[in-house]
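Computation of the quantities below employed the complete heavy-atom set of this structure, encompassing side-chain atoms and omitting hydrogens, waters and symmetry-equivalent molecules. Small disclaimer: the values here were computed from a predicted structure and weren't measured. Per chain, numbering begins at 1; letters A, B, ... match sequence-line order.
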Protein chains: 2
Amino acid sequence: MAKNLTTREEDYSKWYNELVIKADLAENSGVRGCMVIKPYGYAIWERMQAELDRMFKETGHQNAYFPLFIPKSYFSKEASHVDGFAKECAVVTHYRLKNAEDGSGVIVDPDAKLEEELIVRPTSETIIWDTYRKWIQSYRDLPLLINQWANVVRWEMRTRLFLRTTEFLWQEGHTAHATENEAIAEAEQMMNVYSDFAENYMAIPVIKGTKTESERFAGALETYCIEALMQDGKALQAGTSHFLGQNFAKAFDVKFTSKEGVLDYVWATSWGVSTRLMGALVMTHSDDNGLVLPPNLAPDQVVIVPIYRKDEEFEAVDKVAKDLMTNLRSKGIRVKYDNRDTQKPGWKFNEYELKGVPVRIAIGPKDVEKGTVELARRDTLQKEFVSNENVVEKVVSLMNEIQANLYKKAVSHRAENTTEVATYEEFKNVLDSKGGFILAHWDGTSETEEKIKNETKATIRCIPLDGEIVRGECMVTGNPSSRKVLFARAY
Amino acid sequence: MAKNLTTREEDYSKWYNELVIKADLAENSGVRGCMVIKPYGYAIWERMQAELDRMFKETGHQNAYFPLFIPKSYFSKEASHVDGFAKECAVVTHYRLKNAEDGSGVIVDPDAKLEEELIVRPTSETIIWDTYRKWIQSYRDLPLLINQWANVVRWEMRTRLFLRTTEFLWQEGHTAHATENEAIAEAEQMMNVYSDFAENYMAIPVIKGTKTESERFAGALETYCIEALMQDGKALQAGTSHFLGQNFAKAFDVKFTSKEGVLDYVWATSWGVSTRLMGALVMTHSDDNGLVLPPNLAPDQVVIVPIYRKDEEFEAVDKVAKDLMTNLRSKGIRVKYDNRDTQKPGWKFNEYELKGVPVRIAIGPKDVEKGTVELARRDTLQKEFVSNENVVEKVVSLMNEIQANLYKKAVSHRAENTTEVATYEEFKNVLDSKGGFILAHWDGTSETEEKIKNETKATIRCIPLDGEIVRGECMVTGNPSSRKVLFARAY
């Protein structure tokens, strides 16, 4: 059906940009690099938030809120952290506007200059660890397991809706522990929470692993991540969880007295996912007709469209539709009944296909006579007639079936687009011909990693945690390698 | 019981500040005027958000998200709006830090100056109406009913936790309508939603009314508000809803074609409540022993404290406690079971009294023998023994009883502290002796309003909507007045 949507084959990148806008997920604002998240996009994000928030609370975390602004001096306390973020941060220098004396309009009041500039948080480790110093004295105060839902700002030069924006929404967990092992276990647990969420709610299979030193978060000793593969063969980092060692505790002097009475620095983790996940969701499942949403995250799981020509036909159709809506809702299904008379059924079919509603039910006068409805699946585009008695049961089982089918398709796609290579030549060939994930031996040095990146634009996405240990030789230098690592070009 | 808490009688303001900190609601951060909302305080805010969000959605609103930053030029487009906010806004002027050449540390990079400064949103009318221009063409696009949960920044000179902070959390609704009447009805509806929320969830009675011209929101034609009375006789504005006329539509050129094909500017409303409500909640119900939370908003409605001396006593107590927890939770009650062995029961009693948990249940070995538990109400501090068979039913009914009792107490307090006066002399006497709400005739001029404010620090809180029309003479000028208006000193 014509959506005036560029096809994925024509131009994947253009298809994505158009789809995000046409499906009413988000749009660019008048502020450079900042997006407006539209109601339909925000409703999906709210569903993501609700599930993640539940998972965080079930693993013992509490929400809190820390300031948007970070004094420049805090920000600079952890050396590698400031190196990582200084180049892309918004700086507040003044606190007042005034009318220009020459009458040219409103200007920044030069007399209202801040003594110390404030950074708009790009991430909150520094302000949070400055606070934790006051909260932590003894082992009794640990572990401290806190999450924050917030907006953050990173002054990116090239931005794309959801994937890379100057301001984005995210959650950031910040935990404090008495021992190194406990902190590592927390970082690993949260990577697993993210992986569960990606696979069971987003229907996106992910590879769990650790980042190489050069790809680690600024200030971390270890960065765990989940990596997903998009339809165009590019990778997308979908979540990260960092073991921060005692770096931030040392920078902000956060010590605790152990059970044994020994004073030591606290061990830390931080972990986050962001509205970037919206981009991953779009790019994993959607097709040339529009969005395809997994039922677990779809704001509307079912849409009912009444079909009628004359007003006298409407009454009977409307009754069946409303009964069905009530019955589906009583089973916990999120149903929209679109009975607007300002739009034709064909327009509505198009609209809900574009918006990725998992199941569409159409009901016309003939259906009413026969006691059936027409049911269409968004994922397979298959249609069938189902009797009124069976439709609720059918829809309930379809929710699981569609969710599972999307995941299965994504797993197949990833399997078809994951290649093991032995030589650098082969590596480059695969990268240019089909892309995807490439598993290859690497000698473990930043120099080789850098060389590969410069020559091919592929990066090491992660050192997979689940892979087997198979010794071999680095595809570039021939030096020994203890396992294959995961390469890809990435978003 | 000793909480080292200043009493309300000694110093109400100090009592409030101490309580907010000691009850773990919030604390000041290292950033001037910005607070950290601690997990317990944030959990109450989350409950407020959940109820309000449900109420907004039930009245047809959808959530969305707009940028944190507003270009200075947008901000200046509506004249009275910029007048209202220019003096207290944080301004972003640069987008990068760098190392100083003299090695003195990190500085703002002078080469990374923005062409146009960005204002950190103090409220979002301007950026949102700039967006609505793209969303609204026809009457079919109306009404547009959108809400945003967000952080905003107003550079206040004197700040107090929750009541007035540089950054605060809030929701801001922004709606667009085809007709003036519809927009007015929306603004009134949202005032009523706020009033329902305040009375039925926060247990705070409020007076609904309109603001005088000088107290209106910058850019509004009418500001509806709800006004609450705190225990110390000062008023607190708990929520506002603005009818904005066509001011923002004109400033941002937002027009629509009506059903009849006529092009006209769109009519607007905006409405918001903020973390300020946390301050109102504390100051309405709490006492010298600590917080008193209404059950509808308490993160923990019931806390169970086991009492035992020897480990062998614990097992029997623990079993009764856990069964009770399960039974209460199955009735939808939020229960915390504090079985920590690092703190004594007395410490826990103190702690949960301070934190305002509505019902405390203590279970000791003697209770187990007798088949009873000890139940203590936070609002009345009454204790009683209840048999195990009756305790669930008792707790369920107590939730309603406590909620109703808090509301009733607050209504009585307000009645006792609302005075009608005839003369300015009387007005000043009442104000200085007991404070509270004062109803008095006013001639309707800004001059008289200003004079009263300057001489007494009392402001017109609102022109009550529910009051009767009773003609009289202004207490200050003797000029005719059509009704009494509500005065108070206010937070």
**Student:** For B:Asp24, is it the side chain, the backbone, both, or neither that has a heavy atom closer than 4.5 Å to a heavy atom of chain A?
**Tutor:** neither
**Student:** Counting only non-hydrogen atoms closer than 4.5 Å, does B:Leu169 touch chain A with its backbone (N, CA, C, O), its side chain (CB onward), both, or neither?
**Tutor:** side chain
**Student:** Under 4.5 Å heavy-atom distance to chain A, tell me which part of B:Ile146 shows up: side chain, backbone, both or neither.
**Tutor:** side chain
**Student:** Hey, which of A:Asn151, A:Thr131, A:Val120, A:Asn99 has the most heavy atom pairs under 4.5 Å with chain B?
**Tutor:** A:Asn151
**Student:** For B:Glu101, look at atom CD and say whether over 12 heavy atoms of other residues, nucleotides or ligands are found less than 6.0 Å away.
**Tutor:** no
**Student:** Hey, could you give me the OG/CZ distance between A:Ser274 and A:Arg164, rounded to the nearest 0.5 Å?
**Tutor:** 10.0 Å
**Student:** Just verifying a value: how many Å separate B:Asp341 CG and B:Asn339 CG, rounded to the nearest 0.5 Å?
**Tutor:** 8.0 Å
**Student:** Taking the side chain from B:Asp53 and the backbone from B:Gln49, do they hold a donor-acceptor pair closer than 3.5 Å?
**Tutor:** no
**Student:** For A:Ile119, is it the side chain, the backbone, both or neither that has a heavy atom under 4.5 Å from a heavy atom of chain B?
**Tutor:** side chain
**Student:** Check each atom of A:Lys113 against the heavy atoms of chain B and say whether the ones under 4.5 Å are side chain, backbone, both or neither.
**Tutor:** neither
**Student:** Hey, is NZ on A:Lys57 packed in by over 12 heavy atoms from elsewhere, all under 6.0 Å?
**Tutor:** yes
**Student:** Measure the CH2-NE2 distance between B:Trp155 and A:His94 for me, rounded to the nearest 0.5 Å.
**Tutor:** 12.0 Å
**Student:** Could you name the residues of residues 72-85 of chain B that have a heavy atom within less than 4.5 Å of a heavy atom in chain A?
**Tutor:** B:Lys72, B:Tyr74, B:Phe75, B:Ser76, B:Val82
**Student:** Between A:Gly105, A:Ala112, A:Ala90, A:Cys89, who has the most heavy-atom pairs with chain B when the cutoff is under 4.5 Å?
**Tutor:** A:Cys89
**Student:** Chain A contacts: which residues in residues 36-44 of chain B have a non-hydrogen atom closer than 4.5 Å to it?
**Tutor:** B:Val36, B:Ile37, B:Lys38, B:Pro39, B:Tyr42
**Student:** Carefully, step by step, assess B:Glu351 and B:Lys348 under the rule salt bridge (charged side-chain N to carboxylate O under 4.0 Å, His left out).
**Tutor:** CA-CA 5 Å; B:Glu351 176 74 3; B:Lys348 292 178 186 173; over 6 Å; no
**Student:** Output the option from A:Lys98, A:Glu27, A:Glu116 having the highest count of non-hydrogen pairs under 4.5 Å with chain B.
**Tutor:** A:Glu27
**Student:** Would you mind checking which part of B:Glu117 comes under 4.5 Å of any heavy atom in chain A, side chain (CB onward), backbone (N, CA, C, O), both or neither?
**Tutor:** side chain
**Student:** Verify the distance criterion only: is there a donor paired with an acceptor across the side chains of A:Glu46 and B:Trp149 at less than 3.5 Å?
**Tutor:** no
**Student:** Go through A:Phe252 and A:Trp129 one step at a time and tell me if the ring pair (Phe, Tyr, Trp, His ring centres under 6.0 Å) criterion holds.
**Tutor:** CA-CA 6 Å; A:Phe252 289 90; A:Trp129 279 86; 8.2 Å; no
**Student:** Looking at every non-hydrogen atom in both residues, tell me the closest pair between B:Ala150 and B:Glu172 and how far apart they are.
**Tutor:** CB-OE2, 4.5 Å
**Student:** Looking at B:Cys34 and B:Thr166, what are the two nearest heavy atoms and their distance?
**Tutor:** SG-CB, 4.1 Å
**Student:** Is it the side chain or the backbone of B:Trp135 that comes within 4.5 Å of chain A heavy atoms, both, or neither?
**Tutor:** side chain
**Student:** Give the member of A:Ile107, A:Thr165, A:Asp109, A:Val153 that has the highest number of heavy-atom pairs under 4.5 Å with chain B.
**Tutor:** A:Val153
**Student:** Could A:Arg140 and B:Trp347 be counted as a cation-pi pair, given that NZ or CZ must be under 6.0 Å from the ring centre and within 45° of the axis?
**Tutor:** no
